[in-house]
Protein chains: 2
Amino acid sequence: MIKVLLAEDQAMVRGALSALLKLESDLDVIGCAADGEEAWQLAQTGKPDVVVTDIEMPKLTGLELAQRVREREPGIKVIILTTFARPGFLRRALDAGVGGYLLKDAPAEQLAEAIRKVHRGGRAIDPQLALEAWSGDDPLNDRERQVLRLAGEGKSAGEIAVQLHLSQGTVRNYLSEAIGKLGVSNRIEAYRLARQKGWL
Amino acid sequence: MIKVLLAEDQAMVRGALSALLKLESDLDVIGCAADGEEAWQLAQTGKPDVVVTDIEMPKLTGLELAQRVREREPGIKVIILTTFARPGFLRRALDAGVGGYLLKDAPAEQLAEAIRKVHRGGRAIDPQLALEAWSGDDPLNDRERQVLRLAGEGKSAGEIAVQLHLSQGTVRNYLSEAIGKLGVSNRIEAYRLARQKGWL
DNA sequence: ACTTGGCCGTGACACCTGTCATCAAGCGGC
DNA sequence: GCCGCTTGATGACAGGTGTCACGGCCAAGT
């Protein structure tokens, strides 16, 4: 009997996934968490074999959760289950030592399969995504990322400068750098591209 | 026995919701569709009592599907099940005559309940969303929406002008109008706000 | 025929953006 | 020490953006 903990912020999806896994006779859903923090609590008390988690969650993201689990509960495996086919996310997930990375686009049967495979010590990485992951590296540095994030929220160079304690000119330099590196022609496109790639 | 058709583009979620509904003894999931077009085909052949559909789907959105169902298969009820708590979406859904509008944030039990209620001829609208829906009207006209959509993709006034066969100055006027109406200070914020409200 | 209102365009202005060359301070490394 | 490197600042410039006033056109209303 494989003990599974489910972390997913959308209640409807959480309940549905739970129902899905309960159909499998060799899986035991020992808990459901609505955010990363709750998942971490339940992981410590419930001692699941595998944690299935979304990435975008309140309080603690799935990636942060994975990292913490590896550091402090290395016996527990983590599988990321997310909407986002972003190479950057997969990269970071692998860095955090996850056992699996599945997309919500994948057929439902794959989830139980992945849980069994990871529990046996294997890895379950979405195949087409695995290819993409090594196709493009994040060219941005920390400052460029920060600046781009704020620019994407509609902030002007001046506002960004205040927030980051830089001069306005420096902010514009970083933005210009980012725009150049990404091969686009303005901050909006730069933001969209970086976001789509999972680089923010 | 209530016959249910499920339309949802993410396979994992589709399968999970199907598993969830199959736990209910009075519900019969007669089909699952991965896009709006497939859902429409299955709705015609399978004659479900209720269609549960996501909004964002390939080929035909949930809103368009709802409209078509009301026009050509008025006996079939539609329930929208979506991530997006956007007043504009709810408004359009109600205009399309849907029987229910649920959020994926809602507890899983509500789905079966909503299906039963709608099948009995009732309505199942997410309560907090119903309030919001009448709180703010879309102040934008068609041109402003078009221009804002393109601006949000990072296009400059010149590029937008070419695409819409307008002059660059006119495009800037529309953008300025939209920015003013939304009470923000640049096109990026205007785009984000309009998008968040479901007005694009 | 006259007015009203929506749609589109123009021109002018201040300000913001994106680019580039350049400079200064700090920080390991050999 | 001197070197190379990084981080941040500065100033200048062309071009884009946001605002505004104004003018023409056309389809209703009256």
Side-chain angles (χ1 to χ4, degrees), chain A residues 88 91-92 95 136-200, chain B residues 87-88 91-92 95 134 136-200:
Chain A
R91 186 83 54 92
R92 273 187 270 166
D95 287 347
D137 220 348
D138 181 354
L140 304 175
N141 62 33
D142 286 349
R143 279 307 199 192
E144 287 156 5
R145 253 191 300 280
Q146 285 178 39
V147 165
L148 212 46
R149 247 194 298 266
L150 295 172
E153 291 171 14
K155 294 207 176 14
S156 70
E159 291 170 314
I160 298 171
V162 171
Q163 199 159 338
L164 299 184
H165 309 293
L166 295 174
S167 85
Q168 197 187 101
T170 303
V171 169
R172 283 195 284 145
N173 284 340
Y174 283 134
L175 274 171
S176 183
E177 268 294 301
I179 289 168
K181 283 181 178 176
L182 298 180
V184 293
S185 57
N186 60 49
R187 54 180 69 189
I188 308 181
E189 288 180 330
Y191 174 77
R192 290 172 70 94
L193 178 58
R195 184 164 174 72
Q196 179 214 318
K197 293 274 192 180
W199 290 339
L200 315 97
Chain B
R91 186 82 56 93
R92 273 186 271 165
D95 288 347
W134 299 105
D137 219 348
D138 182 353
L140 304 175
N141 62 35
D142 286 349
R143 278 306 200 192
E144 288 156 5
R145 253 192 299 280
Q146 284 178 39
V147 165
L148 212 46
R149 248 193 298 265
L150 295 171
E153 291 170 16
K155 295 207 177 12
S156 70
E159 291 169 315
I160 297 171
V162 170
Q163 198 158 339
L164 298 184
H165 309 293
L166 295 173
S167 86
Q168 198 187 96
T170 303
V171 169
R172 285 197 283 145
N173 284 341
Y174 283 135
L175 276 172
S176 183
E177 267 294 303
I179 290 167
K181 282 181 178 176
L182 299 180
V184 294
S185 58
N186 62 50
R187 54 178 70 189
I188 308 180
E189 288 181 330
Y191 175 78
R192 290 172 69 94
L193 178 57
R195 185 162 173 74
Q196 179 216 319
K197 293 274 192 180
W199 291 338
L200 307 101

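So you know, we letter chains A, B, ... as the sequences are listed, proteins then strands, and number each from 1. Computed from a prediction, not measured in an experiment: that's the story for all the values here.
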| field | Short side-chain to backbone donor-acceptor contact, B:Gln146 and B:Arg143, under 3.5 Å | value | no
| field | Residues which pass salt bridge (Lys or Arg N to Asp or Glu O under 4.0 Å) with A:Glu189, listed by chain and number, not counting sequence neighbours | value | none
| Rounded to the nearest Å, what distance is computed from the OH atom of residue B:Tyr191 to the P atom of nucleotide D:dT17? | 16 Å
| message | Whole angstroms only, please: what is the OH-C1' distance between A:Tyr174 and C:dT17? | response | 18 Å
| said: I need the CZ-P distance between A:Arg145 and D:dT7, as an integer number of Å. | reply: 12 Å
| said: Using a strict heavy-atom distance below 4.0 Å, which residues from residues 152-168 of chain A are in contact with DNA chain D? | reply: A:Leu166, A:Ser167
| field | Gap separating the OH atom of B:Tyr191 from the CD1 atom of A:Ile188, nearest 0.5 angstrom | value | 9.5 Å
| task | Report the residues that fulfil salt bridge (Lys or Arg N to Asp or Glu O under 4.0 Å) with A:Arg192, sequence neighbours left out, ordered by chain and then residue number. | result | none
| Under the 3.5 angstrom rule, does the side chain of A:Arg92 hit a backbone N or O of A:Gly198 as a donor-acceptor pair? | yes
Any protein N or O atoms within reach of nucleotides 18-22 of chain D? Criterion: under 3.5 Å, listing atom names and distances.
residue	atom	partner	partner atom	Å
D:dG18	OP1	B:Arg187	N	3.2
D:dG18	OP2	B:Arg187	NE	2.9
D:dG18	OP2	B:Arg187	NH2	2.8
D:dG18	N7	B:Arg172	NH1	3.0
D:dG18	O6	B:Arg172	NH1	2.4
D:dT19	OP2	B:Ser176	OG	2.9
D:dC20	N4	B:Asn173	OD1	2.8

| remark: Of the listed D:dG8, C:dG9, C:dC7, the closest approach to the A:Arg143 side chain comes from D:dG8
| field | A:Glu189 CD - D:dG16 C1' separation (whole Å) | value | 14 Å
| Degree of bending in the helix from C:dA1-D:dT30 to C:dC30-D:dG1 once both end axes are built from five pairs, to 10° | 20°
| Partner set under salt bridge (Lys or Arg N to Asp or Glu O under 4.0 Å) for B:Arg145, not counting sequence neighbours | B:Asp138, B:Asp142
| Point-to-point distance, once rounded to the nearest 0.5 Å, from CD1 of B:Ile179 to CZ of B:Arg172 | 11.5 Å
| request: With side chain to side chain contact (heavy atoms under 4.5 Å, CB included) as the test, would you mind laying out the steps for A:Lys155 and A:Val162 before giving the verdict? | output: CA-CA 11 Å; A:Lys155 294 207 176 14; A:Val162 171; over 6 Å; no
| Does a side-chain heavy-atom distance below 4.5 Å link B:Leu182 with B:Leu148? | yes
| message | Rounding to an integer number of Å, can you tell me how far B:Glu144 CD sits from C:dG6 P? | response | 12 Å
| task | Enter the distance from A:Arg187:CZ to A:Ser176:OG here, rounded to the nearest 0.5 Å. | result | 10.5 Å
| Is the backbone N or O of B:Asn141 less than 3.5 Å from a side-chain atom of B:Glu144, with the two atoms forming a donor-acceptor pair by type? | yes
